[in-house]
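First up is the structure itself, then whatever we jot down about it.
All values below were derived from every heavy atom in this structure, side-chain atoms included, with hydrogens, water molecules and symmetry-related copies excluded.
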Amino acid sequence: MLTKFETKSNRVKGLSFHTKRPWILASLHSGVIQLWDYRMGTLIDRFDEHDGPVRGVHFHMSQPLFVSGGDDYKIKVWNYKLHRCLFTLLGHLDYIRTVQFHHEHPWIVSASDDQTIRIWNWQSRTCISVLTGHNHYVMCASFHPKEDLVVELVVGDKGTKMLTKFETKSNRVKGLSFHTKRPWILASLHSGVIQLWDYRMGTLIDRFDEHDGPVRGVHFHMSQPLFVSGGDDYKIKVWNYKLHRCLFTLLGHLDYIRTVQFHHEHPWIVSASDDQTIRIWNWQSRTCISVLTGHNHYVMCASFHPKEDLVVSASLDQTVRVWDIGSLKKKGASPADDILRLSQMNTDLFGGVDAVVKYVLEGHDRGVNWAAFHPTLPLIVSGADDRQVKLWRMNDTKAWEVDTLRGHMNNVSCVMFHAKQDIIVSNSEDKSIRVWDATKRTGLQTFRREHDRFWILAAHPEINLLAAGHDSGMIVFKLERERPAFAVSGDSLFYAKDRFLRYYDFSTQKETQIVPIRRPGSTTLNQCPRTLSYSPTENAVLICSDVDGGTYELYQIPKDSIGRNDLQEAKRGPGSSAIFVARNRFAVLDKSNNQVLIKNLKNEVVKKSGLPVPTDAIFYAGTGNLLCRSDDRVVVFDLQQRLVLGDLQTPFVKYVVWSSDMESVALLSKHSIIITSKKLVHQCTFHETIRVKSGAWDENGVFIYTTLNHIKYCLPNGDSGIIRTLDVPIYLTKVSGNKIFCLDRDGKNKTLVIDATEYIFKLSLLRKRYDHVMSMIRNSQLCGEAVIAYLQQKGFPEVALHFVKDEKTRFNLAIESGNIQIAVASAKEIDDKDHWYRLGVEALRQGNAGIVEYAYQRTKNFERLSFLYLINGNLEKLSKMLKIAEVKNDVMGQFHNALYLGDIQERVKILENAGHLPLAYVTASVHGLHDVAERLAAELGDDVPSLPEGKKPSLLMPPAPVICGGDWPLLRVMKGIFEGGFDSTGKGVVDEEEEGADGDWGEDLDMVDADGLQNGDVTAILEDGEVAEDNEEGGWDLEDLELPPEVETPRVNARSSVFVAPTPGMPVNQIWTQMSSLAADHAAAGNFDTAMRLLSRQLGIRNFAPLKSMFLDLHTGSHSYLRAFSSAPVVSLAVERGWSESASPNVRGPPALVFNFSQLDEKLKAGYKATTDGKFTEALRLFLSILHTIPLIVVESRREVDEVKELIIIAKEYVLGLQMELKRRELKDNPVRQQELAAYFTHCNLQMPHLRLALRNAMTICFKAKNLATAANFARRLLETNPNENHSKAARQVLQASERNMTDASQLNYDFRNPFVTCGATYVPIYRGQKDVSCPYCTTRFVPTQEGQLCTICDLAVIGADASGLLCSPSQIR
């Protein structure tokens, strides 16, 4: 290089030559612009008014001017003769990347990260044009040197988005490993923790944290429930994930362990270490069986060949080595003959080489970080610190370099071959993942992150999944979609596979290739067909793909050409979405103008039509109609009349499936299915925790759909269930009877046989086709807890009765359905006190007195029995109860029965026998039994009690009963379809003749006459309590009762089984918790436990005390309470969010919430005002209240979600600042700490008026404490905020006074030049580059010693806890 001039400075981001003079402008990352004379090699001038990096700079062609643009969002125009900035242009909302003067007009063009390009008139100092259209950062823009054109370059604007399947937020991920069979991935972190995730469900299954320091390598065993890990503590640990523990530790390495891997066949582990060795271990014998030495720097990785006896290793000594371990395999085998045994002895005696270097691959200029074998071919790929990826080939004798892939801008961390495709994937510290074509050796795709460097890659051994670990977590992603494009028409399926359009006949199950699909030589991924539309009358197929930003191809297939593979010249056109809307018309979406172009089969536009909503995809919705999809809604649009026929708010819809009669449509989004009518009237919604993949309607109107691992069904009323599980995802094409036709991810047609009995049974119940239900009950094997629970829930416990043999379950169902007959039969079989009691309660509710009496008799519940006879007016049986109480020697029972009977003599007699003579005397006197009273008075002598004066006694008699004996009258109702219809069950069925024998309203129980008291147990009581016959007074004289020896069970009143009490449906609270994953909805439903679990998982919250009152407010606020009349219980009503009269009564909306975002807005304003007024305690209370309310807020749109997250940051900053200010005011005797806290307060992200106040406060405190240099800094910062005259004057005075003596009297822990954040607990600065931990909810940063403590800012979350992030909107669950 012929260098003419060179400078040493901060990073240079922009350069511009002067057209006439030997001058060059250099704009630096530090914010300074330097003007150099490159001929003389001298610095002429420097300009430093920008706040932050200056990325663009440009000299004017003729005027003494230059323009600059920087990260402070400002464009400045300078006069280099006057050595100053003339003016500033404001308008961009993000970093400015480039600026340039026009060669002729007084214009400046600027490009910015706010996704816009602006053109300014620098003479009038106004923006004259804003160019929009890009959807990512605009990296540069420049004028054409002669014509009126502007060209711009955008990052991330082209190419496909990464197909992310799962993402975590955590410490830096250093190691990754997929499980071969289960949807699990291991991630080893820089913090020393190993996490086990289910990437399909998105849940953390387990964590293992026995390593001391970073864990760099981790690997699952192929078949055993084991994984191995290696870390910076020099230890290799083998874990059993079923037992959740480490089995053993292998020691031997003397430095950090970089990678570990199990052998696919032998019980071996290979490990690479910074001690410059590779070790091979036998994990069964727990010994090191070989040490591979030869590298002379850190060994960064080592891995086994997937099939051969080879190991590849990469080292910072700039080499890749391939080792032959064949002799190690022989050594492990048992010697079969003497020669082998002899060679084994020689090896043991004289030392043998178990592994030898087969090749040393040299070619990298710096240390090699990774090397990997190709799964099948003799290829090796390596990545190194020289930013290159190299491809090597090997044979039996040598290995050589094939090619070098260049493109990474920093060290290549990891590189590997894709398991299924000819693709190489690499990642780097330049924050990118690059995908390369292994055959053409060209770059296909680049995925970038904003702030995170990538460290590790892992490929799933069997499916199309990759994972990458970066500085703040990991991502599991796909490179290409695997869903085949297909269209179904009657018995025909058209689909695209292997660059061919194919035809499949469902009736004959034969497939045929129709025509090849031409594909241009594409340089990116995801160019395969995405959608396919078919016109059966014209036999034409439309195929859409992402080629060239979205194109369609139209193929017209002659009827006789199916199977001939004739090459068709397709008609093509631009458009990401195209579908047939009529026999010979198709619609193409023109996204840029938000319109559809209607074209004929000659590919000519015949009509244009604007769309009613911003549309990003169109779907078929019947002849002449379109279903238009936008971000949060779908619309049915009539193209002829240009009318909106239906409109529905939905999550982002991915697929649309119409029923065969076009009356119903299923809208499939990522995690939900919405069933609507053809006019988009909502019918029901189903939510899934894992991804919905496809769906199809069966002939009965049931929607069958698949998730990643299940085939499920959903009924029109909102019920759903699982049909069967899946090993791999499939895409349904048609459902016919019990057969499911589907395509797998390889595009192969499959037919699955399913058992449709369960959903057909439920559908028959729903449609009241009870003849089908009865037939299925008799003939099918339907059974199980789920069916019984479903029947109970839907109000058919009488049907559920016929599925169960277990007597306890039968009893419960009979009680629930009001079937007293079966309940009595089951109670007799169980013969348990609790069941008899419950039978009595139900019989009493139905007014079936005979059964109530029988139940009380079986449980010997004499108190209730007496009361029953009292209210029925059965005085004869009541007097018998009195005698039973005498036999039992139950004095209280006797007295109660005498009281119920109104028998005064008996009561006096009982009191006298019990020794209560005064009470007996009073009772006899009051009721006029004078003879008895005189006798008792004589016995009492002087202790006769006095009676009250002037009181008139009255006789206490039993009340007249409402109904004397017998059962309550019942209304005659039609016999239910299920009553007596199941002869096969044979339990508790009433004869039809018996049923119709009597036409009266009700009939008495078939009881024996009153003398023969109907309770066999009473007889037993009497037998137990026999009184000796030789008693002097003749005993109780009970022989004349003639009680029968056995009591028959009373015949159940046939009428009692006719009335079936309705059963309640699912509680609204339960529906709410099933519908939503939002903590606020669960709290409103009263399910506080799950609400707390959700908040703990999403935000790491552990302290729920501040949220208790809000939980209660949410619950009470989402319910209203009605009182019908005084004796009835209060009726609770659920209050729904966004309810309207047009809403379906069967579909429940989410709960109404007492907290909303606008309330927080008011609190924020109040907090600002209190801060301005200096009421810091009140302001702190308001900002804390905002932080405590946000976890229980629900908003609708993604924009509002962003506003909520922004509000957390604002509130967090103010809470931190106000806490420090209040702390400062408490410290009267520590001036140094007072100054520090005042200084830190100025670095909180405050509103400008508050920042001015904080700066003035800090300036005053430091000036008074003689810290003049620090005070001067605050004064300068205050002046930059354009304060009012008083503040400005004070600041200038402080600046003048300080400049005379720029010293500090006392040393502060405060360096304003070094960017920092303040620890929320210790209030000390954490400077850039220092380690810290953060609160998962409010994101406040803390020093590492605070990890595991409760966050002092939000007072809710645990510092450093793992959390998935704030979930406050249904839109986030899409």
Residues that H221 engages under ring-ring contact (aromatic ring centres under 6.0 Å, His included), provided they are two or more places apart: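 ring-ring contact (aromatic ring centres under 6.0 Å, His included) check on H221 returns F262, W283.
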
Quick one: ring-ring contact (aromatic ring centres under 6.0 Å, His included) partners of F178, sequence neighbours excluded?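 If we apply the ring-ring contact (aromatic ring centres under 6.0 Å, His included) test to F178, skipping adjacent residues, the hits are Y199, H460.
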
Qualifying salt bridge (charged side-chain N to carboxylate O under 4.0 Å, His left out) pairs, either residue in [range], two or more places apart:
{"range": "residues 415-432", "result": "none"}
{"range": "residues 268-278", "result": "R258-D274"}
{"range": "residues 362-385", "result": "none"}
{"range": "residues 453-466", "result": "K181-E462, R453-D471"}

Step by step, work out the side-chain contact (heavy atoms from CB on, under 4.5 Å) result for S188 and R216. CA-CA 6 Å; S188 62; R216 297 176 188 273; 6.0 Å; no

Exceeds 12 heavy-atom contacts within 6.0 angstrom, atom CG of D727: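 Check fails, neighbour count at 12 or below.
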
With a 6.0 Å cut-off (strictly less than), is the heavy-atom count around OH of Y256, excluding the residue itself, greater than 12?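 12 or below, so no.
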
Evaluation steps, side-chain contact (heavy atoms from CB on, under 4.5 Å), between L189 and V215: CA-CA 6 Å; L189 310 188; V215 184; over 6 Å; no

Can the ring centres of H253 and Y234 be said to be less than 6.0 Å apart?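 Distance test on ring centres: not under 6.0 Å, no.
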
In this structure, is the centre-to-centre distance between the rings of Y241 and F208 below 6.0 Å?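 They do not qualify: ring centres at least 6.0 Å apart.
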
For [Y], is there any backbone N or O sitting under 3.5 Å from a side-chain donor or acceptor partner on [X]?
{"X": "T442", "Y": "D437", "value": "no"}
{"X": "N411", "Y": "S413", "value": "no"}
{"X": "R691", "Y": "K165", "value": "yes"}
{"X": "N369", "Y": "G383", "value": "no"}
{"X": "R207", "Y": "Q195", "value": "no"}
{"X": "S428", "Y": "N410", "value": "yes"}

Ring-plane angle category for F447 and F477, please: parallel below 30°, perpendicular beyond 60°, tilted otherwise.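 Judged by the thresholds at 30° and 60°, the geometry between F447 and F477 is perpendicular.
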
Any ring pair (Phe, Tyr, Trp, His ring centres under 6.0 Å) pairs touching residues 365-402, not counting sequence neighbours?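 Qualifying pairs: H305-F373, H374-F417.
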
Test of understanding: with side-chain hydrogen bond (donor to acceptor under 3.5 Å, both in side chains), list the residues that count as partners of [X], not counting sequence neighbours.
{"X": "T287", "answer": "S285"}
{"X": "R182", "answer": "none"}
{"X": "D198", "answer": "none"}

Could you tell me the separation between the OG atom of S382 and the CD atom of E401, rounded to the nearest 0.5 Å?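 Separation between the atoms: 8.0 Å.
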
Sequence neighbours excluded, which residues qualify as side chain to side chain contact (heavy atoms under 4.5 Å, CB included) partners of A1363?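 Per chain and number, A1363 pairs via side chain to side chain contact (heavy atoms under 4.5 Å, CB included) with P1336.
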
Checking V692 now: which residues fulfil side chain to side chain contact (heavy atoms under 4.5 Å, CB included) with it, not counting sequence neighbours?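 Residues passing side chain to side chain contact (heavy atoms under 4.5 Å, CB included) with V692: L668, I673, E688, Y705.
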
Is it true that R449 and E167 make a salt bridge, defined as a side-chain N closer than 4.0 Å to a carboxylate O?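 Looking at R449 and E167, the cut-off is met.
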
